[in-house]
Amino acid sequence: MSDLPFTLDQLRILKAIAQEGSFKRAADSLYVSQPAVSLQVQNLERQLDVPIFDRGGRRAQLTEAGHLLLSYGEKILSLCQETCRAIEDLQNLQGGTLIVGASQTTGTYLLPKMIGLFRQKYPDVAVQLHVHSTRRTAWSVANGQIDLAIIGGEIPAELGESLKTIPYAEDELALILPTSHPFAKLETIQKEDLYKLQFIALDSQSTIRKVIDQVLARCNIDTRRFKLEMELNSIEAIKNAVQSGLGAAFVSTSAIAKELQMGVLHHAPIQDVVVKRTLWLIFNPSRYRSKAAEAFSQEILPEFANPVWIQDMLKLTQMDLVVNTLDLAAPNPTDGS
């Protein structure tokens, strides 16, 4: 087809409107005027000879044709970005971009350390970190918008065949208490002691909250029996509340290293119980993998992996070989974000 009925700019505008929900916000995000956006949409509809937006409501709603065009348009734009990055790779890590994804906890406490080490080795490579829910991150990896990601949750079933998933690390969920709490003087506490504590937790609809509840349930700890003192919307808020003496909480050990070192929180071991979840490394083997992503995979990932056998596997082999080996024995991820 010699004359396409749309341009890349029109596809970018269509995607922005779908994401922002209005022509004005889309125009603002693209740094163009709203009339310019409206004109491009009108031209697009005229060229396609089909309406792509239903203008009857307050929010810009795509028609069936609009949804179809958006679906293919996102793939086209993704391939364009992939093409540009492949060309940048010709400079052999003297430029280019690495895009890494993560779910909330790993993106806040683990990935910045990894990216810092990578930037020391490759200061000319631009690095982007996208922190979202496990589901959104997995779709971004599948679509080629993210090179690789470390997540703690369940991969959408429909992506099972398009993504490679390997166990990357074990993340312990620690019970934290105020340093003034009587239990803080004990070497360990009993499982039944948990039901005597006042707990602080994330909102019940939070994916991370659901993960913690699932992991605790596998350790035969019934969170329904917990005395819930309050619900907060961030791990940092929970740590501050515990530090202020308002209750106890379960959080990832990666989130409390600084507080434990400063002695402002107490990590209370539970006798005969270690609460852990698996963090997973995911990538799309069918998409182009940049030299920056290869360098990150081979030089940075092994430094932070645990247990030791995973570190050794990542250091000694290419990632694809690791995947083929681990796929024989590794289960699919089943916990939350």
Side-chain angles (χ1 to χ4, degrees), residues 1 3-88 95-104 107 111 126-149 151 156 158-159 162-163 207 282-284 286-288 290 292-293 337:
M1 190 173 182
D3 296 322
L4 290 173
F6 53 77
T7 65
L8 292 179
D9 281 340
Q10 288 172 335
L11 294 181
R12 288 176 62 242
I13 288 172
L14 173 64
K15 182 178 178 181
I17 296 172
Q19 289 177 335
E20 300 294 338
S22 79
F23 283 43
K24 183 180 186 307
R25 288 196 295 270
D28 291 341
S29 71
L30 296 172
Y31 302 101
V32 297
S33 67
Q34 182 176 342
V37 166
S38 299
L39 180 61
Q40 287 284 16
V41 171
Q42 291 171 13
N43 290 338
L44 180 59
E45 290 181 321
R46 185 174 63 253
Q47 291 157 0
L48 291 171
D49 194 25
V50 64
I52 57 176
F53 283 102
D54 181 358
R55 293 169 173 78
R58 296 178 60 184
R59 183 180 174 87
Q61 297 285 346
L62 288 167
T63 63
E64 183 178 359
H67 280 291
L68 184 63
L69 180 61
L70 176 64
S71 175
Y72 280 99
E74 287 179 330
K75 295 176 183 177
I76 292 169
L77 292 172
S78 178
L79 284 173
C80 289
Q81 293 170 347
E82 195 171 299
T83 302
C84 292
R85 295 178 63 199
I87 293 173
E88 287 176 344
T97 304
L98 170 69
I99 306 177
V100 185
S103 48
Q104 295 293 334
L111 265 300
V127 181
Q128 297 179 20
L129 172 60
H130 295 200
V131 180
H132 298 292
S133 67
T134 287
R135 182 177 183 83
R136 182 171 172 182
T137 298
W139 273 104
S140 295
V141 174
N143 293 334
Q145 298 166 322
I146 292 176
D147 292 314
L148 55 89
I151 50 91
E158 58 268 34
L159 298 180
S162 58
L163 294 179
T207 307
I282 62 173
F283 66 98
N284 186 340
S286 65
R287 304 295 299 219
Y288 174 79
S290 68
S337 170

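We're numbering straight along the sequence, starting at 1.
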Between [X] and [Y], what is the shortest heavy-atom contact and its length?
X	Y	answer
T137	A102	OG1-O, 3.5 Å
A142	L159	CB-CD2, 3.9 Å
G101	I146	N-CG2, 3.4 Å
T63	P51	OG1-O, 2.8 Å
L98	A293	CD1-CA, 3.6 Å
A60	I17	CB-CG2, 3.8 Å

Is any side-chain heavy atom of [X] less than 4.5 Å from a side-chain heavy atom of [Y]?
X	Y	value
F23	Q40	no
L44	L69	yes
V131	Q104	yes
E64	D54	no
Q145	H130	no
L163	F283	no
D147	T97	no
L30	R12	yes

What distance separates [X] [atom1] from [Y] [atom2], expressed to the nearest 0.5 Å?
X	Y	atom1	atom2	answer
Q81	I76	CD	CD1	12.5 Å
R136	I151	CZ	CD1	15.5 Å
L14	L77	CG	CG	9.0 Å
S162	N143	OG	CG	8.5 Å
S33	K24	OG	NZ	11.5 Å
I13	E20	CD1	CD	13.0 Å

May I ask you to decide if [Y]'s main-chain N or O and [X]'s side chain share a donor-acceptor pair within less than 3.5 Å?
X	Y	answer
S71	L68	no
S78	E74	no
E45	I52	yes

(request) Give the C-alpha distance, both sets of side-chain angles, the deciding distance and a yes or no for side chain to side chain contact (heavy atoms under 4.5 Å, CB included) between T83 and Y288. (result) CA-CA 9 Å; T83 302; Y288 174 79; over 6 Å; no

